[in-house]
Chemist: 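Input: one structure, supplied below.
Numbers here simply count residues along the sequence, with the first being 1.
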Amino acid sequence: MPENRSAGVHEAASVVERLDKSLLEAWLPPRQRDAHKGDMGHVLIMGGAPGLGGAALLASEAAARLGAGKVSLATAPEHVTACLTYRPEVMVHGVRGATGLGDLLDQAGVLVVGPGLGQGAWGQGLLQAALAASRPLVVDADGLNLLATRFSGLRRDDWILTPHPGEAGRLLACSTAQVEGDRPAAARALQQRYGGVIILKGAGTLVAGPGGMAVCPYGNPGMASGGMGDVLSGMLGALLAQGLPLEQAARAGVVVHALAADLAVRETGERGLLAADLASYARILVNPGCVAGDHWGAEDR
């Protein structure tokens, strides 16, 4: 992190790209008429420690709504019935630890680890198994907190890390205030230290990767509620599973996530927006032709 915070912001601002919703149609073309679920990838969500099952279920539903061909969920056994009741399309597996994963890691093409993971032995075991699986990864929530403590020093080219400012501070061993004081510098420092692609969440979410940095101009204060990050992680997993390269998946996922929230609040306002509300709106956005359709006012075109 630079000592001169103001100078760092001005320096970074000149090289930060502004994300635009038009990239969705460019990167998410219509599917082939003979496509089947095997073509659309298999995402494994790993999370939902005892008492934290909702976060993993939010990520799973988001992955399914964004078009992953198959979505599996490895969660604590006590959550299985509720998950099957709420979202039967998700293949739910109750696991008591990493040894219960069986062949799940081999079957999945993309892993999302962190939503509701917890920082106890259960979560640590699942994260360790995910890190050893040689699969593209999305790491969120307690997965990031464990990276900062139990698994420090790791660097990979095949993962997306999605910290909010507090998690970013832990990953950089600095304060949240320092991260917020120069968000571009923090995102750049995270990418240099950990590799892959970094999504620094917040108002004006930043995406930092080997190809540069971009800022998302969409989103609204209604997103200041629990579970929003879990939904984003599931979206990212689905986009990776469908073949988008790491940086494209990160940028597209951030845009879809924010625009889905913008669509949702047009009908009901910002207060009371729930993370679960985003999935159905996100589905509109990832289908070609809908981005510039009747869902958008003239000011958005």
Side-chain angles (χ1 to χ4, degrees), residues 24 27-28 37 40-48 52-75 79 82-92 108-117 136-144 159-162 164 197 199 201 205 207 216 218-220 222-244 246 248-265 273-287 290:
L24 299 180
W27 293 346
L28 297 169
K37 65 183 180 183
M40 301 305 152
H42 186 174
V43 180
L44 173 61
I45 311 293
M46 304 171 68
L52 300 172
L57 183 54
L58 286 169
S60 300
E61 181 181 23
R65 287 293 188 187
L66 255 72
K70 293 186 283 187
V71 180
S72 293
L73 169 59
T75 190
H79 300 143
C83 291
L84 289 174
T85 302
Y86 179 76
R87 186 50 62 209
E89 297 87 351
V90 174
M91 298 178 286
V92 186
V110 176
L111 308 178
V112 176
V113 58
L117 189 69
L137 278 172
V138 178
V139 185
D140 184 32
D142 275 328
L144 297 170
W159 63 11
I160 300 175
L161 307 185
T162 65
H164 59 54
V197 178
I199 296 174
K201 296 180 292 194
T205 291
V207 183
C216 179
Y218 309 114
N220 62 78
M223 300 173 78
S225 64
M228 289 290 173
D230 304 312
V231 170
L232 175 61
S233 66
M235 292 179 174
L236 296 168
L239 294 170
L240 288 172
Q242 291 172 82
L244 268 68
L246 212 66
Q248 283 189 9
R251 293 183 176 204
V254 165
V255 169
V256 169
H257 185 250
L259 284 177
D262 286 346
L263 284 178
V265 301
L273 179 65
L274 298 180
D277 297 334
L278 267 60
S280 57
Y281 291 100
R283 183 188 172 200
I284 295 168
L285 294 162
V286 295
N287 284 289
C290 290

Chemist: May I ask you to test the I45-V43 pair for a side-chain heavy-atom distance under 4.5 Å?
Modeler: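 Of all side-chain heavy-atom pairs linking V43 with I45, at least one is under 4.5 Å.
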Chemist: Check whether any side-chain heavy atom of H257 lies under 4.5 Å from a side-chain heavy atom of M223, and answer yes or no.
Modeler: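 They are in contact (side-chain heavy atoms under 4.5 Å apart), so the answer is yes.
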Chemist: For a quick test of your reading: what N or O donor-acceptor pairs under 3.5 Å do the side chains of residues 55-63 make, sequence neighbours left out?
Modeler:
from	atom 1	to	atom 2	distance (Å)
S60	OG	A56	O	2.8
E61	OE1	Y86	OH	3.1
E61	OE2	R87	NH2	3.0

Chemist: Can you tell me if N287 uses its side chain to pair, donor with acceptor, with the backbone of I284 under 3.5 Å?
Modeler: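 No, the answer is negative, given that no donor and acceptor are paired below the 3.5 Å cut-off.
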Chemist: Counting distance only, does the side-chain N/O of D142 pair as donor-acceptor with the main-chain N or O of L117 below 3.5 Å?
Modeler: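 Looks like no, no N/O pair under 3.5 Å.
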Chemist: Under 3.5 Å, which donor-acceptor pairs link side chains of residues 227-242 to any protein atom two or more places apart or in another chain?
Modeler:
from	atom 1	to	atom 2	distance (Å)
S233	OG	D230	O	2.7
Q242	OE1	R31	NH2	3.1
Q242	NE2	L66	O	2.8
Q242	NE2	A238	O	3.1

Chemist: Measuring from atom SG of C216 to atom CG of L259, what distance do you get when rounded to the nearest 0.5 angstrom?
Modeler: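 Here the interatomic distance stands at 6.5 Å.
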Chemist: Would you check, one step at a time, whether the test side-chain contact (heavy atoms from CB on, under 4.5 Å) holds for I199 with V254?
Modeler: CA-CA 8 Å; I199 296 174; V254 165; 3.7 Å; yes
Chemist: For K201, enumerate each residue passing the side chain to side chain donor-acceptor pair (under 3.5 Å) test, keeping only those at least two apart in sequence or located in another chain.
Modeler: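 K201: side chain to side chain donor-acceptor pair (under 3.5 Å) contacts with D140.
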Chemist: Could you pull out the closest heavy-atom pair between G143 and V139, with the gap in Å?
Modeler: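 Heavy atoms of G143 and V139 come nearest at C-CG1, 3.5 Å.
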Chemist: Any chance you could measure L24, atom CG, to L285, atom CG, to the nearest 0.5 Å?
Modeler: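 Reported value, rounded in 0.5 Å steps: 6.5 Å.
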Chemist: State, yes or no, whether a side-chain contact exists between L161 and L144 at a heavy-atom distance under 4.5 Å.
Modeler: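 A side-chain contact exists here, since the closest heavy-atom pair is under 4.5 Å.
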Chemist: How close do A275 and G226 get, heavy atom to heavy atom, and via which atoms?
Modeler: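 Heavy atoms only, the tightest pair is CB-O, 3.6 Å.
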Chemist: Among all residues two or more places apart in sequence or in another chain, which pass the side chain to side chain donor-acceptor pair (under 3.5 Å) test with Y218?
Modeler: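 So Y218 forms no side chain to side chain donor-acceptor pair (under 3.5 Å) with any residue.
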Chemist: I need the M40 CE to K70 NZ distance, nearest 0.5 Å.
Modeler: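 Output value for this atom pair is 12.5 Å.
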Chemist: Taking side-chain contact (heavy atoms from CB on, under 4.5 Å) as the test, write out the residues that go with L84, two or more places apart.
Modeler: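 L84 satisfies side-chain contact (heavy atoms from CB on, under 4.5 Å) with V80, V92 only.
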Chemist: Could you pull out all residues at least two apart from A64 that satisfy side-chain contact (heavy atoms from CB on, under 4.5 Å)?
Modeler: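 Only V71 meet the side-chain contact (heavy atoms from CB on, under 4.5 Å) criterion with A64.
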Chemist: Would you mind reporting whether V110 and L44 have side-chain heavy atoms less than 4.5 Å apart?
Modeler: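 The answer is no, as the side chains (C-beta and beyond) never meet within the 4.5 Å cut-off.
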Chemist: Using side-chain heavy atoms (C-beta onward) and a distance below 4.5 Å, is V138 in contact with L111?
Modeler: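 No - every pair of side-chain heavy atoms lies 4.5 Å or more apart.
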Chemist: Let me confirm one number: the CG-CG distance from L244 to L28, rounded to the nearest 0.5 Å.
Modeler: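 Going from CG on L244 over to CG on L28, the span is 5.5 Å.
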Chemist: Test V256 against L278 for side-chain contact (heavy atoms from CB on, under 4.5 Å), laying out the working first.
Modeler: CA-CA 9 Å; V256 169; L278 267 60; over 6 Å; no
Chemist: Taking all non-hydrogen atoms of both residues into account, name the closest pair between N220 and G222 and its distance.
Modeler: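 Distance-wise, the nearest heavy atoms are OD1-N, 2.8 Å.
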Chemist: Excluding sequence neighbours, so at least two apart, what forms salt bridge (Lys or Arg N to Asp or Glu O under 4.0 Å) with R65?
Modeler: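 Salt bridge (Lys or Arg N to Asp or Glu O under 4.0 Å) check on R65 returns nothing, list empty.
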Chemist: State the CZ-CG distance between R251 and L246, to the nearest 0.5 angstrom.
Modeler: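 If I round to the nearest 0.5 Å, the distance is 11.5 Å.
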